[in-house]
Colleague: 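One structure coming up, written as structure tokens, with questions to follow.
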Amino acid sequence: LYVGAAAKMIDENTVQVGISIHDGVYSVDFCVHTLHISPGESVADALKADAVETINKYSKEHHAKFVGCGLAESLISLCRDMPSFLWSELDIVVMRFKVKTEFPKFECSDGIQGNSTETIPIDVDEQADSAVRKCIMNFGPGQNPALSIGFRNRVEPDTGGRVELVTKLESYQKTVHEGTWNSFSKYANELKKNKAKVAFFSATPQGGGVALMRHALIRFYRLWGVNVQWYIPKPNPKVFRITKTNHNILQGVADPFERLTKERQEMMDEWISYNANRYWLGEGGPLAKGGADVVIIDDPQMPGLIPLIKEHRPEVKVIYRSHIELRSDLIEVEGSPQAEVWKFLWDRIKLADVFISHPVDKFVPAQVPMSMVGMMPACTDWLDGLNKDLRDWDLRYYHHSLRNSCSDIGMNILHYPAREYITQVARFDPSKGIPDVIESYRKLREMLEEKVPRMVTPQLLICGHGAIDDPDGSIIYDQTMKQLDEPRYDEIRGDVVVMRIGPSDQILNAILSCAKLVVQLSTREGFEVKVSEAIHKGKPIVATRAGGIPLQVQHGKNGYLVEVGDTTAVAIYLYNLYTDRGLYQRLSEFAKVSVSDEVSTVGNATCWLYLAAKLVKGEEMKPNARWITDMYREDAEQPYGKGEPRLPR
């Protein structure tokens, strides 16, 4: 359901509140009630308490879940942080709207107004109904807010800013340590003072980890008032097949016969050139004169943009951000597929001013001068739909939605809460180790049935988002289902749930929040911040020593690390955690306090602003393979506090 609300003050102690409830097709209920303000109580607090009581009561009486809310400005003027309150406390996506509060007294049915200037007031329930109808227009399939792409293919997070998830900077401040917050404030104020402009360019606005990070970053920057924008190219499925193959080649997980042919190189260059000339290099564009001062290029899809930037505006500073594992060892093999792809990319990337990599030395090929390399982990947002705390009611709703999705395609049903489950949340990608997840689960089940036959065994849930630039998803999904059809998995086949989840962050949140155990058995990996997200929720994790994963897992403290492919070790650790309550509790409690600011939106946002602030002032940026976090904390004179969690250097 969707709800609209409006309010007006009757006197200093009385508020009239109007509510309209809509099912997406038509209004199904409404009410007007008077709220009396108790002595010592603020109007805002009274409205919040009333909202919680009204929503909870209606939800339980009608067994319903409110997913969206349209608030009239009349109500927000009385309670400025109502949008973020409803988001954090009741998991409702809120949009604010300016709705009419009065109407001309004389108006014909054909819309022609009379000469009178008299007006009549519009009741608060009518205002609420207008707000909720406007709200519904901004939701797409699956009850998710519509993605908004503006002029020049600029991504406009939160449905063009109409959605308000966080309304106070203090909410972000509470998620990090003092040194991180003070550093961010310093560089944000510097950029605002210099009127600097920063632009991100990446391949897709939705589905992958980069897109999730960028949405959170732009939301945070916008709240602070820093001029940071995000642009994407017009999608091309043929090019995305090429870029995904390049991705797999660089990680060493592609078919050995795959090559980046001359024809494919030309297709990538033409795609970049077309988008640059049509959207970004023209007058008023982000890459034209007067546009961005600092440009950040994400991943190997778009480095072809760097030569064009340097040709048209050589004064612009360019940062290349590599989010994936680059097999430096294979790149060094002359004539290898990796060497061919890297040569094509490096011919373009080498024109950048700074090269940012995940903090793993072997991810940086030998051709990249160490002087231009800076280290930075991936990040996640503790206030968004992936990570915020969800009420039991909302957890039940999202699991119900998951069960419905399973039923729609004939998939096994996840029987939570009747049975516990183990999960891996990741894209269906050849490097995510899904075959090892299934084999580890098979071995765990054998151990449980042999040693604890009366114990109710856990199910296995393998799931993840898809991305528009990732054509491998369906291929790997099909391979997973074929693996489960093998005779050796007859005993567990009925307890394995394999699902591609739509673009709903809260469903993934609910899956991680309710899981008994989490695994991440990647064979090749960049950073995979899902590991930190699970740990932050107090979930002991069993993960492989791949890419940046070991930086996040403290072996024996908040989880366990295993060698890639060691499914027996995975099964043993899962067995110990599942059967030893004391061990599980000990690791879970430590996990909740072991996550560093470096993987938070605020920490990551500070890294980018530090780099931009220095480059805009004309300072030479030579990180020399240092962590950008260390550099900004040192420059801002904000030393790490005693006991402050840090990723290992």
Colleague: Under a 3.5 Å cutoff, is there a donor and acceptor pairing between the side chains of K388 and S88?
Modeller: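 The criterion, which ignores hydrogens and geometry beyond distance, is not satisfied for S88 and K388.
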Colleague: When you look at CG of N194, are more than 12 heavy atoms from neighbouring residues, nucleotides or ligands closer to it than 6.0 Å?
Modeller: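 Yes, the 6.0 Å shell around CG holds more than 12 heavy atoms from other groups.
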Colleague: Between R219, R80, R222, which is the residue that forms a salt bridge (charged side-chain N to carboxylate O under 4.0 Å, His left out) with E164?
Modeller: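 The single option meeting the salt bridge (charged side-chain N to carboxylate O under 4.0 Å, His left out) with E164 is R80.
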Colleague: By the ring-ring contact (aromatic ring centres under 6.0 Å, His included) test, which pairs, at least two apart or in different chains, include something from residues 516-540?
Modeller: H358-F527, W382-H536
Colleague: Are L574 and V519 side-chain neighbours, meaning at least one heavy-atom pair lies under 4.5 Å?
Modeller: yes
Colleague: Begin with the C-alpha distance, continue with both residues' side-chain angles, and end with the deciding distance and a verdict on side-chain contact (heavy atoms from CB on, under 4.5 Å) for I319 and L611.
Modeller: CA-CA 9 Å; I319 303 171; L611 290 168; 4.0 Å; yes
Colleague: Is the W608 to F200 ring centre distance short of 6.0 Å?
Modeller: yes
Colleague: Could you walk me through whether F139 and N144 pass side-chain contact (heavy atoms from CB on, under 4.5 Å), step by step?
Modeller: CA-CA 6 Å; F139 278 77; N144 293 307; 5.7 Å; no
Colleague: If only atom types and distance count, is the side chain of R162 paired as donor or acceptor with the main-chain N or O of T159 below 3.5 Å?
Modeller: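 Pair found, side chain donor or acceptor close to backbone of T159.
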Colleague: With heavy-atom distances below 4.5 Å as the criterion, would you say the side chains of D293 and K317 are in contact?
Modeller: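 Not touching, per the 4.5 Å side-chain cut-off.
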Colleague: Scan side-chain atoms only and decide if D635 and Y187 contain a donor-acceptor pair under the 3.5 Å cut-off.
Modeller: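 Side-chain D/A pair, D635 to Y187: present.
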Colleague: Examine distances only and state if a side-chain atom of K516 and a backbone atom of P458 form a donor-acceptor pair shorter than 3.5 Å.
Modeller: no
Colleague: Quick one: does K432's side chain get under 4.5 Å of E525's, heavy atoms only?
Modeller: yes
Colleague: Counting heavy atoms not belonging to K174, are there more than 12 under 6.0 Å from its NZ?
Modeller: no
Colleague: So among I76, V3, V132, which one has a side-chain contact (heavy atoms from CB on, under 4.5 Å) with L71?
Modeller: I76
Colleague: For Y2 together with F66, are the ring centres under 6.0 Å from each other?
Modeller: no
Colleague: Have Y578 and E420 got a donor and an acceptor in their side chains that come within less than 3.5 Å?
Modeller: yes
Colleague: Out of curiosity, M82 CE to C69 SG, how far, rounded to the nearest 0.5 Å?
Modeller: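 If I round to the nearest 0.5 Å, the distance is 8.5 Å.
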Colleague: Assess the residue pair L395 and C514 against the criterion (side-chain contact (heavy atoms from CB on, under 4.5 Å)); give the C-alpha distance rounded to whole Å, side-chain angles, the decisive distance to 0.1 Å, and a yes or no.
Modeller: CA-CA 8 Å; L395 293 172; C514 297; 4.0 Å; yes
Colleague: Using 0.5 Å steps for rounding, measure from the NZ atom of K539 to the CD1 atom of I422.
Modeller: 12.5 Å
Colleague: After noting the C-alpha distance and the side-chain angles of L217 and H215, does the key distance pass the side-chain contact (heavy atoms from CB on, under 4.5 Å) rule?
Modeller: CA-CA 6 Å; L217 278 175; H215 277 282; over 6 Å; no
Colleague: Where the side chain of N138 meets the backbone of K134, is there a donor-acceptor pair that is under 3.5 Å apart?
Modeller: yes
Colleague: Within 45° of the six-membered ring axis of W627 and under 6.0 Å from that ring's centre, is NZ or CZ of R649 located there?
Modeller: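 The answer is yes; both the distance and angle limits are met.
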Colleague: Do F85 and V52 come close enough that some side-chain heavy atom pair is under 4.5 Å?
Modeller: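 Side-chain contact under 4.5 Å: yes.
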Colleague: Measure across L47 and C79 and return the closest heavy-atom pair with its distance rounded to 0.1 Å.
Modeller: CD1-CB, 4.0 Å
Colleague: Test your reading of the model: is there a side-chain donor-acceptor pair from N604 to the backbone of S600, 3.5 Å cut-off?
Modeller: no
Colleague: Is Y421 reaching over with its side chain to a backbone N or O of H415, donor-acceptor style, under 3.5 angstrom?
Modeller: no
Colleague: Side chains of S594 and K557, heavy atoms from C-beta outward: is any pair under 4.5 Å?
Modeller: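 SC-SC contact between S594 and K557 ruled out.
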Colleague: Side chain of H177, backbone of P645: donor and acceptor closer than 3.5 Å?
Modeller: no
Colleague: Do T180 and R633 have a side chain donor and acceptor closer than 3.5 Å?
Modeller: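 Yes, a side-chain donor-acceptor pair sits under 3.5 Å.
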Colleague: Under the side chain to side chain contact (heavy atoms under 4.5 Å, CB included) test, which residues partner K168, sequence neighbours left out?
Modeller: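 Per chain and number, K168 pairs via side chain to side chain contact (heavy atoms under 4.5 Å, CB included) with D81, E170, S171.
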Colleague: How far apart are the closest heavy atoms of T544 and I549, and which atoms are they?
Modeller: O-CG2, 3.2 Å
Colleague: Without hydrogens or angle criteria, can the side chains of S440 and D436 be said to hold a donor-acceptor pair below 3.5 Å?
Modeller: no
Colleague: When the aromatic ring centroids of W224 and F184 are compared, is their separation below 6.0 Å?
Modeller: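 Under 6.0 Å, so yes.
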Colleague: Is the shortest distance from a Lys or Arg side-chain nitrogen in R586 or E589 to a carboxylate oxygen in the other one below 4.0 Å?
Modeller: no
Colleague: Looking at G559 and L587, what are the two nearest heavy atoms and their distance?
Modeller: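 Looking at all heavy atoms of both residues, the shortest contact is N-CD2, 3.8 Å.
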Colleague: Answer yes or no: is there a side-chain heavy-atom contact under 4.5 Å between L647 and V599?
Modeller: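 Result yes, sub-4.5 Å side-chain heavy-atom pair found.
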Colleague: Is it true that E190 and K186 make a salt bridge, defined as a side-chain N closer than 4.0 Å to a carboxylate O?
Modeller: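 A salt bridge is present here (some side-chain N lies under 4.0 Å from a carboxylate O).
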Colleague: Indicate yes or no for a side-chain donor-acceptor contact from D597 to the backbone of G603 under 3.5 Å, with no hydrogens or angles considered.
Modeller: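 Answer holds: no.
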Colleague: Closer than 3.5 angstrom, by distance alone: can the side chain of S588 be matched with the main-chain N or O of G538 as a donor-acceptor pair?
Modeller: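 Checked: pair present.
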Colleague: Kindly check if the number of other-residue, nucleotide or ligand heavy atoms within 6.0 Å of NE2 (H400) is above 12?
Modeller: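 Open: at most 12 neighbouring heavy atoms sit under 6.0 Å from NE2 of H400.
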Colleague: Tell me whether Y584 contacts the main-chain N or O of L517 through its side chain, where contact means a donor paired with an acceptor under 3.5 Å.
Modeller: no
Colleague: Apply ring pair (Phe, Tyr, Trp, His ring centres under 6.0 Å) to F428 and list each qualifying residue two or more places apart in sequence or on a separate chain.
Modeller: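 Listed in chain order: Y477.
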Colleague: Can you tell me if E178 has over 12 outside heavy atoms packed within less than 6.0 Å of its CD?
Modeller: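 Counting other residues, nucleotides and ligands, CD of E178 stays at 12 neighbours or fewer.
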Colleague: Which heavy atom of N227 sits nearest to which heavy atom of A196, and what is that distance?
Modeller: CB-O, 3.7 Å
Colleague: When you compare the side chain of M376 with that of R321, does any pair of heavy atoms fall below 4.5 Å?
Modeller: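 Yes - at least one pair of side-chain heavy atoms lies under 4.5 Å apart.
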Colleague: Would you say the side chains of T380 and N387 form a donor-acceptor pair under 3.5 Å?
Modeller: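 Judged by distance alone, the side chains do pair up.
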Colleague: Without hydrogens or angle criteria, can the side chains of D91 and Y398 be said to hold a donor-acceptor pair below 3.5 Å?
Modeller: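 There is such a pair between these side chains.
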Colleague: Under 4.5 Å between any side-chain heavy atoms of H247 and Q251, yes or no?
Modeller: yes
Colleague: Is the closest basic N to carboxylate O distance between R646 and E598 below 4.0 Å?
Modeller: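 Judged by the 4.0 Å cut-off on N to carboxylate O distance, R646 and E598 do not form a salt bridge.
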Colleague: Keeping the roles fixed (side chain from Q206, backbone from L147), state whether a donor-acceptor pair exists under 3.5 Å.
Modeller: no
